[in-house]
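Note that these values count all heavy atoms, side chains included, but never hydrogens, waters or copies made by symmetry. Just so you know, these numbers come straight off a predicted model, no measurement behind them. Just so you know, residue 1 is the first one in the sequence shown, and it goes up from there.
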Amino acid sequence: MILPVYLYGQPVLRQEAEKVPQDYPDLKQLVVNMFETMYHADGVGLAGPQVGLSLQILVIDASVISDDYPECKDFKRVMINPVFLEKSEETVSMEEGCLSLPGIHEKVARSKRIRIQYWDENWEEHIEELHDYAARVVQHECEHLTGHVFIDNISAIRRQLNKGKLNSIIKGTARCAYRAKAVGK
């Protein structure tokens, strides 16, 4: 089932997400729905708060961009209750966008390399070291679990330059090609 993507201004996007309990009902169906929603919106990642659930869960399938970013080849993950174990001090700035902020793209500095611990949908534990764009996607999605969005990482002047677009998203007048839930709608 395709779920609505919650857009900027929705309170759930600013909440610290709760840990997913092991007995969470219909977890596997939620994972299927999140992947279906992400694919329908042409995204490479989607976090629980973006579908209105204040839960520490995210899905990623960055394999579609592996021609440009080889580290993303076969990079499809379900990450539940992720925890960063390490982030490199070395950062890289690249342009990002977000399904919850349609029409906004800005350069964001993120750690070049990360080490992360998480559980998959079968409750198997993983510890993984990721680098470059794969690390960026994970950091972006994990940020949603802390009540933050990527524009929180840009300068005040850049946020001011995007104020009209942000207001349009909040009012529900921004255009997006996927099912969305804006505050104003």
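Linking ILVMFWY side-chain heavy atoms closer than 4.5 Å, directly or via other members, places Val92 and Val138 in a single hydrophobic cluster. In terms of hydrophobic clustering, with Ile, Leu, Val, Met, Phe, Trp and Tyr side chains grouped at heavy-atom distances under 4.5 Å, Ile157 and Leu166 are assigned to different clusters. In the hydrophobic cluster analysis, where Ile, Leu, Val, Met, Phe, Trp and Tyr join through side-chain heavy atoms closer than 4.5 angstrom, Met34 is grouped together with Leu27. A chain of hydrophobic side-chain contacts below 4.5 Å, direct or via other Ile, Leu, Val, Met, Phe, Trp or Tyr residues, connects Val137 to Val64. Taking hydrophobic clusters as Ile, Leu, Val, Met, Phe, Trp and Tyr residues chained together by side-chain heavy-atom distances below 4.5 Å, Ile127 does not share a cluster with Leu130.
Looking at Cys98 and Ile104, their side chains never come closer than 4.5 Å, going by heavy atoms from C-beta outward. Counting only heavy atoms from C-beta outward, the side chains of Ile169 and Pro102 approach each other to under 4.5 Å. The side-chain heavy atoms of Val183 and Leu7, taken from C-beta on, include no pair separated by under 4.5 Å. A 4.5 Å side-chain heavy-atom check between Glu143 and Asn153 finds at least one atom pair inside the cut-off. Two residues are said to be in side-chain contact when any heavy atoms from C-beta on lie closer than 4.5 Å; Leu85 and Ile116 fail this criterion. At a threshold of 4.5 Å between non-hydrogen side-chain atoms, the residues Glu128 and Arg115 do not count as touching. For the pair Leu101 and Val149, the minimum side-chain heavy-atom distance is below 4.5 Å.
For residues 85-108, the set of pairs meeting the salt bridge (Lys or Arg N to Asp or Glu O under 4.0 Å) definition, not counting sequence neighbours, comprises Glu86-Arg113, Glu96-Arg110, Glu96-Arg136, Glu106-Arg158. Every pair passing ring-ring contact (aromatic ring centres under 6.0 Å, His included) that includes a residue from residues 20-47 is listed here, sequence neighbours excluded: Phe35-Tyr39. Residues in residues 19-29 take part in no salt bridge (Lys or Arg N to Asp or Glu O under 4.0 Å) pair, two or more places apart or across chains. For the salt bridge (Lys or Arg N to Asp or Glu O under 4.0 Å) condition, no pair includes a residue of residues 51-68, sequence neighbours left out. Applying the ring-ring contact (aromatic ring centres under 6.0 Å, His included) test to every pair with at least one member in residues 72-95, sequence neighbours left out, gives no pairs at all.
Note that the NZ atom of Lys76 and the OG atom of Ser63 stand 7.5 Å from one another [nearest 0.5 Å]. Here the straight-line distance linking atom CD of Gln15 with atom CD of Gln10 works out to 10.0 Å at 0.5 Å rounding. Remark: Tyr8 OH to Arg14 CZ distance equals 5.5 Å, nearest 0.5 Å. A distance of 12.5 Å separates CD in Glu125 from CD1 in Ile80, rounded to the nearest 0.5 Å.
In this structure a side-chain-to-backbone donor-acceptor pair under 3.5 Å is missing from Thr91 to Ala109. Checked by atom type and distance alone, the side chain of Asp120 pairs as donor or acceptor with a backbone atom of Trp123 at under 3.5 Å. Side-chain atoms of Gln160 do not come within 3.5 Å of backbone N or O of Ala156 as any donor-acceptor pair.
Across all their heavy atoms, Gly172 and Ala182 have their closest contact at CA-CB, 3.6 Å. Smallest separation of non-hydrogen atoms from Cys72 and Ser66: C-CB, 3.8 Å.
Not counting sequence neighbours, the partners of Lys112 by the salt bridge (Lys or Arg N to Asp or Glu O under 4.0 Å) test are Asp132. With sequence neighbours left out, His148 forms a ring-ring contact (aromatic ring centres under 6.0 Å, His included) with no residue at all. Pro4 is linked by a side chain to side chain contact (heavy atoms under 4.5 Å, CB included) to Tyr6, Arg179, Lys181, counting only residues two or more places apart in sequence or in another chain. Residues satisfying the ring-ring contact (aromatic ring centres under 6.0 Å, His included) test with Tyr118, not counting sequence neighbours, are His126. Partners of Tyr133 by ring-ring contact (aromatic ring centres under 6.0 Å, His included), not counting sequence neighbours, listed by chain and number: Tyr69. Judged as a salt bridge (Lys or Arg N to Asp or Glu O under 4.0 Å), and not counting sequence neighbours, Glu18 has no contacts.
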For residues 41-60, tabulate all N or O donor-acceptor pairs below 3.5 Å that involve a side-chain atom, not counting sequence neighbours.
from, atom 1, to, atom 2, distance (Å)
Gln50, OE1, Ala47, N, 2.9
Gln50, NE2, Ser100, OG, 3.1
Gln56, NE2, Ala17, O, 3.1

Practice task
List the steps, then state whether side chain to side chain contact (heavy atoms under 4.5 Å, CB included) holds for Met94 with Val108.
Solution key: CA-CA 6 Å; Met94 292 182 75; Val108 176; over 6 Å; no
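In this model, a donor atom of one side chain and an acceptor atom of the other lie less than 3.5 Å apart for Ser168 and Thr173.
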